[in-house]
Amino acid sequence: LDKLEDFGDEIDHQVRSRYGGDLHTFDMDGDQVAALVRESRGGYRIAISPNASLLKIVGETIDGDRDSIRGRDHDLGRIGANEDAFVQLVVFNLADLPMGHELPHPMMSKIKGVFAELGEDDGNVFCHARVGMDDEDDAQNLVTIGQGAMAFLQMAQGMDHGHDEELAMAIELLKGLRIDRDGSVVDLRLNLDTDMVMELIEQAD
């Protein structure tokens, strides 16, 4: 947001006081994107959406005036956010994403929503995701696919006589992954040592 002014008039950046904070709107390739910035816990809480009117609902949810973003009828809309999370993502329709029409597996078309959060707590980085499926059978199929992929990677490591470092790193990361099913919702939890994550970031640089 601090860098938006560097783009000049081409993004049509505007700021107004709305929904208990500063509502920023700007154009991205012809589409309007909005960001709601509110002070929170000595810092800022920033909500970003391609739909500016949705941010009014986000503000009401943060204030406790609404039970959820989507409503009581949506499992993903009711999930409680972790206080130690610093990034949260809610997608109710994957087809709305820029890459939505390119999603690879047929199972992807059965996903009706995703909630994900990333944060740090007591020396560990955590990632928690809930994936809403059409029904319980589809949810179980997704769990099976995920568990099968993990087993395949572990088998590949056992056959890796060249000691591929990237494969070993992927296996090490997956050791902290848990996949469960809650009705028609698939719950994924990944916990990693913060020092390991920092090392991976430094290697990526």
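For reference, positions follow the sequence shown, starting with 1. As a basis for the values below, the full set of heavy atoms in this structure was taken, side chains included, without hydrogen atoms, waters or symmetry mates.
For the pair Arg130 and Asp182, the minimum side-chain heavy-atom distance is below 4.5 Å.
Aromatic ring orientation, His13 versus His24: parallel (interplanar angle below 30°, classes split at 30° and 60°).
Rounding to the nearest 0.5 angstrom, the gap separating the CD1 atom in Ile46 from the CD atom in Gln88 is 12.5 Å. With rounding to the nearest 0.5 angstrom, the CD atom of Glu117 is 5.5 Å from the CZ atom of Phe126. Leu55 contributes atom CG, which lies 7.5 Å from atom OH of Tyr19 (distance to the nearest 0.5 angstrom). Taking CG of Leu23 as the start and OG of Ser17 as the end, the distance is 9.5 Å to the nearest 0.5 Å. Note that CG of Leu142 and CD of Gln147 are 10.0 Å apart. Values are rounded to the nearest 0.5 Å. In this structure, the separation between NE2 on His128 and CZ on Arg178 is 14.0 Å, given to the nearest 0.5 Å.
Clustering ILVMFWY residues whenever any of their side-chain heavy atoms sit less than 4.5 angstrom apart, transitively, puts Leu177 in the very cluster that holds Ile145. Val197 and Leu190 fall within the same hydrophobic cluster, where Ile, Leu, Val, Met, Phe, Trp and Tyr residues are linked whenever their side-chain heavy atoms come under 4.5 Å apart, directly or through other members.
Closest of all the heavy-atom pairs between Val186 and Ile179 is CG1-CG2, 4.0 Å. Taking all atoms of both residues into account, the shortest heavy-atom contact from Leu54 to Ser49 is CD2-OG, 3.7 Å. The shortest heavy-atom contact between Val114 and Val131 is CG2-CG1, 4.3 Å. Across all their heavy atoms, Thr25 and Arg16 have their closest contact at CG2-NH2, 3.4 Å. Of all heavy-atom pairs between Cys127 and Leu118, the closest is CB-CD1, 4.2 Å. Considering all non-hydrogen atoms of both residues, Phe86 and Glu120 come closest at CE2-N, 3.8 Å.
Not counting sequence neighbours, Arg45 has no partner by the salt bridge (charged side-chain N to carboxylate O under 4.0 Å, His left out) test. With sequence neighbours excluded, the residues that form a side chain to side chain donor-acceptor pair (under 3.5 Å) with Asp12 are Gln14.
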For the pair Phe26 and Val33, evaluate side-chain contact (heavy atoms from CB on, under 4.5 Å) and give the outcome as yes or no after the intermediate values. CA-CA 6 Å; Phe26 50 98; Val33 178; 4.1 Å; yes
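Using a cut-off of 4.0 Å between Lys/Arg side-chain N and Asp/Glu carboxylate O, Arg189 and Asp187 are scored as salt-bridged.
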Using distance only, find each side-chain donor-acceptor pair of residues 132-140 under 3.5 Å and give its atom names and separation, not counting sequence neighbours.
residue	atom	partner	partner atom	Å
Asp135	OD1	Asp137	N	3.1
Asp135	OD1	Asp138	N	2.8
Gln140	OE1	Arg181	NE	3.1

